[in-house]
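Data first, discussion second: the structure below is written as structure tokens.
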2 protein chains.
Amino acid sequence: MNPEIFENIIKFINQFVDFKEEELIALQNKIEIVQLKKNEIFIQEGEIADRIAFTNKGYLKVYYYHEGEEITRDITPLHSFATALPSFVSQTPSFEIISAITDCELITINKSDLEYLYSSFPKWERLGRKIIEEMFVESQRRIYSFITETAEIRYKKLLKQYPDMIRDVPLKYIADFLGIKLQSLSRLRKSLEW
Amino acid sequence: MNPEIFENIIKFINQFVDFKEEELIALQNKIEIVQLKKNEIFIQEGEIADRIAFTNKGYLKVYYYHEGEEITRDITPLHSFATALPSFVSQTPSFEIISAITDCELITINKSDLEYLYSSFPKWERLGRKIIEEMFVESQRRIYSFITETAEIRYKKLLKQYPDMIRDVPLKYIADFLGIKLQSLSRLRKSLEW
DNA sequence: TTAATTATTTAACAAATGTTAAATGATTTT
DNA sequence: AAAATCATTTAACATTTGTTAAATAATTAA
């Protein structure tokens, strides 16, 4: 496999399951590289999510419309997986939309090819399980932070963990991610200036 | 398998993967039934979580200590799986504690037996993946509700979805679960009386 | 059954966050 | 470069939730 472009995903995958060079080849033909310009849509509302993406470059947002307003539930960090999972797992129309916050390079695989990998090679199914376990743990961490932390602490931690994200992503999406309004985030940032 | 006691778990499992009678037998020897009295602990802080539980009867809470205070992150609904996942997956000491809110009957399996099932029968690994996917989706739903809904709406929805839970579980844990203080929940309940 | 403990409510005041509306700044398009 | 659009800040006021401290209610243990 082209080491240039696949370096990050291979590094990510090998955290969970050890694949040999030749096992990774099985993936090669199934993969499609997708380049998205800022604001382009990866998964559209009402569409059935049939692909999962690894963010090789750039930031995606996962959002939906709530009372006419766009609400960003997730900003995918660099080098992580994203899809509209409720739609992807049940193959029903997606209420979630995924689009590019910045120009993005995505490594994608579609549902049927992934199912093929899962069914043909138990190691891939294991990888799928482990990745989703990790995503679940992270999701639980976020729930803890909603329960116990103020917006200020959540913001400070995000700033510390993903300084680049704050730089590259409009504050509207950061505010949604933190569960507060843009104006409240702005006030909060002001109060942290000194 | 004793249909009496395993009825719920079999129903749960068969939502995800179709097992034949004889395939379920593989599970039988691996399972341990645990009866917990109210307030008894299933996973202790600092202990390595080596079991996962299906709640056949009763409610468990998943909590941890934050600034000396107990904070409940999760109340497990009836007939669902629970473990201190960060500890369970990485086999490191758990910061989370799991204990019984009410008397509980748990169907448990330990980590090494589960790994054995995963490795020996791909269908079990598939089941594990699907269950965790479902848990992740539910977790994301909760994040949406923290972002877009007021505590009042979160409470009303909980009341509607799990009326029994509100009846059987002290309000302190419900309040934690909703991300508000007990006193705020009490005030909120008062305001809903009319 | 009484005492002790645990759970829930109440209330006054404080702090955090939301709402509305507008101003300012930055970026993109013409 | 000017106009248009998008992003961020600001401010006044409203609402929600937290904090502290206590009273009351319900449950459990002696």
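Numbered from 1 within each chain, the chains take letters A, B, ... in sequence-line order.
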Exercise for review: Specify the residue among Lys38(B) and Leu182(B) whose closest nucleotide of DNA chain D lies further upstream toward the 5′ end.
Suggested key: Leu182(B)
Study note, to complete from the structure: Ranking dG18(C), dG18(D), dT9(D) by distance to the side chain of Ile180(A), first place goes to dG18(C)
Review point. Does a side-chain N or O from Arg189(A) land closer than 4.0 Å to OP1 or OP2 of dT9(D), or not?
Key: yes
Practice item. Give Glu152(B) one of three labels, base, sugar-phosphate or nothing, depending on what nucleic acid heavy atoms sit under 4.0 Å from its own. Key: nothing
Exercise for review: Using whole Å, report how far OH of Tyr155(A) lies from C1' of dT17(C).
Suggested key: 17 Å
Point to revise | Nearest-angstrom distance from the residue atom CZ of Arg167(B) to C1' of dT8(C) | key: 18 Å
Point to revise | Salt-bridge contact Arg141(B)-Glu138(B) (side-chain N to carboxylate O under 4.0 Å) | key: yes
Review point. Looking only at side chains, do Arg187(B) and Ser184(B) share a donor and an acceptor under 3.5 Å apart?
Key: yes
**Study point:** Listed nucleotide nearest any side-chain atom of Gln183(B), set dT8(D), dT17(C), dT9(C)
**Key:** dT9(C)
Check your understanding: Expressed in angstrom and rounded to an integer, what is the separation of Leu185(B) atom CG from dA7(C) atom P?
Key -> 14 Å
Review point. Is Thr150(B) near enough to dT16(D) that one of its side-chain N or O atoms lies under 4.0 angstrom from OP1 or OP2?
Key: no
Check your understanding: Taking atom P of dT9(C) as reference, at what distance in whole Å does atom CG of Leu192(B) sit?
Key -> 12 Å
Check your understanding: Please give, in whole Å, the distance from dG18(D) C1' to Lys172(B) NZ?
Key -> 13 Å
Study note, to complete from the structure: CZ of Arg154(A) to CD1 of Ile180(A), rounded to nearest 0.5 Å, is 7.0 Å
Exercise for review: Figure out the CD1/P separation between Ile166(B) and dA7(C), and round it to whole Å.
Suggested key: 16 Å
Check your understanding: Is the shortest side-chain N to carboxylate O distance from Glu125(A) to Arg129(A) below 4.0 Å?
Key -> no
Review point. Is the closest basic N to carboxylate O distance between Glu115(B) and Lys111(B) below 4.0 Å?
Key: yes
Review point. When you check the phosphate oxygens OP1 and OP2 of dT19(C), does a side-chain N or O of Lys181(A) lie under 4.0 Å from one of them?
Key: yes
Exercise for review: Round to the nearest Å and state the distance from Asp103(B) atom CG to dT27(D) atom P.
Suggested key: 15 Å
Check your understanding: Quick one: is Lys190(A) getting a side-chain N or O under 4.0 Å of the dT8(D) phosphate, OP1 or OP2?
Key -> no
Check your understanding: Which listed nucleotide (dT9(D), dA12(D), dT17(D)) is nearest to the side chain of Arg187(A)?
Key -> dA12(D)
Check your understanding: What nucleic acid atoms does Leu188(B) come within less than 4.0 Å of, heavy atoms only: base, sugar-phosphate, or nothing?
Key -> nothing
Practice item. Using whole Å, report how far CD1 of Ile153(A) lies from P of dG18(D). Key: 14 Å
Check your understanding: Does a side-chain N or O from Ser186(A) land closer than 4.0 Å to OP1 or OP2 of dT8(D), or not?
Key -> no
